Amino acid sequence: MAITLERITPLRGLRCRACQVLQPADTRYICAECYGPVEPEYDLAASDANALREKIARGPHSLWRYADLLPVAEPASHFPVGWTPLVRAPRLGAAIGIANLFIKDDSRNPSLSFKDRPVAVALARALELGLDTIACASTGNLAGAVAAAAARNGLRAFVFVPATTDEGKIAGAAAYGATVVRVLGTYDQVNRLCARLADEEGWGFVNFTLRPYYAEGSKTILFECAEQLDWRLPDHVVVPVGSGALLTRTATAAAQLRQTGLVDDTPFRIHAAQPAGCAPVSDAVLDGYREVRPVRDPNTVARSLAIGAPADGDGSVGIIRASGGSAASVSDAEVQGACALLASTEGVLAEPAGGVVVAAAKALATRDVFDDNGSVVLYITGNGYKGTLDAGLLKPPIAADADEFRAAYAEVLG
Ligand SMILES: *Cc1c(COP(=O)(O)O)cnc(C)c1O
Ligand SMILES: [Zn+2]
């Protein structure tokens, strides 16, 4: 049952990241002064850590247990999004050389990716505003999350994806009843089309007009990790980077956890994981934390991370540097090998973005980035059961014959 207490950390307004002006949290989504990006800001000093911890512990088993640290209240009808397992991964850790390894298994959300988190918060805002249509530009997973949330709430949905998007992902979005628009072009071209439609159609575009709320939903993955570690930050987190919203809001979440006194101010390093075929953020970090240079033609099996011009790219580089973090970029072969390794050592079947994180963690371990022996959390953000996996591991079928089985599988039988 929901317990209604007064909000412990009141929302102060929306702060412009460019000109710093604080403005009311009305229907705006960009700064009225300079059109810069705005972010919700809270009155965190006013909070009482023990009261807040107790209130969270009594809350729902979903991301809405952190409603006091979010810009909108829990809507009446929603999926149980979030509150996913944080599990120790000793066998994977032994295989990639990390002693104190954890997996945050966010592949278990309702539409099988972490995108259900930002969409839950964006959708709550869309309902507050009385919108009847939500939309997005997507590399695959966001389409499913938007489509599912719209179906659950009786809203109309339009999702725009590059024509090369994994079919398993967009078939799901279509089954949820969304209008799936496949566009000939890269994600960045889809993005530009949608930025224009967002202005002209008046829909709730989760990653444009609702972006300040959408991005806040990404904070909840770190809130959960901290609570699951008995209110302590991990020493390291390895984050897959597409637009950079998840990485930058992981830092926002850590700052809020510290400011409210929910966790102590222990070292917390944020590392980026990207595929070599689209690594604008990792390349910038490894090249001395320089400015991000857009990648014109992303080419990777990790299509959910194929964003050549990330909206929060420079922000991500700055945050990684400030946290003392690093980055890695990994080849498609390493990604596929790492997906299989994660599945066979820990029983977690991830999409290629998960393989990017595992392979990047291995590369970081080789460079002694984790030699403090601290805890390392890998964000596994998408599920392998969406038609994104390499079928190359399969052997040809056999006749229904015991001898043929023994002959074909002699190697496995030993
Ligand atoms: C979108 C996505 C990401 C990256 O999220 P951003 O906030 O865009 O950086 C990571 N993993 C998966 C599976 C995704 O779908
Ligand atoms: Zn501004």
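What you are looking at is a predicted structure, and each value in this text was computed from that prediction instead of being measured. Whatever order the structure lists them in is the order used to number ligands and atoms, beginning at 1.
Counting heavy atoms under 4.0 Å from ligand 1, residue L247 does not touch it at all. Residue contacts with ligand 1 for S243 involve both N, CA, C or O and side-chain atoms from C-beta outward (heavy atoms, distance under 4.0 Å).
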D230 and R232: CA distance, side-chain angles, deciding distance, salt bridge (Lys or Arg N to Asp or Glu O under 4.0 Å) verdict: CA-CA 6 Å; D230 287 327; R232 198 180 185 289; over 6 Å; no
Can K55 and D48 be said to form a salt bridge (Lys or Arg N to Asp or Glu O under 4.0 Å), step by step? CA-CA 11 Å; K55 191 177 170 194; D48 168 340; over 6 Å; no
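Side-chain contact between E351 and L112 is absent, with no heavy atoms from C-beta onward closer than 4.5 Å. Here the side chains of P80 and H61 are not in contact, with every heavy-atom distance at 4.5 Å or above. Within the 4.5 Å cutoff, no side-chain heavy atoms of L305 are placed close to those of C278. When side chains are defined from C-beta on, V81 does not count as touching S62, because their heavy atoms never get closer than 4.5 Å.
Under the 4.0 angstrom criterion for non-hydrogen atoms, G244 is in contact with ligand 1. At least one heavy atom of F114 sits less than 4.0 Å from an atom of ligand 1.
Of the protein's heavy atoms, T381 OG1, 3.3 Å lies nearest to atom 12 (C) of ligand 1. Scanning all protein heavy atoms for the shortest distance to atom 1 (C) of ligand 1 gives K115 NZ, 1.3 Å. Closest to atom 4 (C) of ligand 1 among all protein heavy atoms lies G242 N, 3.5 Å.
With respect to the salt-bridge test (charged N to carboxylate O, under 4.0 angstrom), the residues K362 and E334 do not qualify. A salt bridge links R117 to E224: at least one charged side-chain nitrogen sits closer than 4.0 Å to a carboxylate oxygen.
When only interatomic distances are considered, the shortest N/O to N/O separation between L246 and ligand 1 falls below 3.5 Å. By the 3.5 Å distance cut-off applied to N or O atoms, S113 is not counted among the residues near ligand 1.
In terms of modelled atom types and a separation under 3.5 Å, the side chain of R258 and the main chain of T266 share a donor-acceptor contact.
Of all the atoms in ligand 1, the ones that sit under 4.0 Å from a non-hydrogen atom of E351 are 13 (C). Using a 4.0 Å cut-off to heavy atoms of A353, the atoms of ligand 1 that qualify are 11 (N), 13 (C). The S304 neighbourhood of ligand 1 comprises atoms 13 (C), 15 (O), with distances under 4.0 Å to a heavy atom of that residue. Near L305, the atoms of ligand 1 lying under 4.0 angstrom from a non-hydrogen atom of the residue are 3 (C), 4 (C), 10 (C), 11 (N). Listed by atom number, the atoms of ligand 1 under 4.0 Å from A245 heavy atoms are 6 (P), 7 (O), 9 (O).
Vertex the Zn ion (ligand 2); arms to C31 SG and C34 SG; angle rounded to 10 degrees, 110°. At the Zn ion (ligand 2), the vertex angle linking SG of C16 with SG of C19 is 110° (nearest 10 degrees).
Remark: E167 CD is loosely packed, at most 12 non-hydrogen atoms of other residues, nucleotides or ligands lying under 6.0 Å away.
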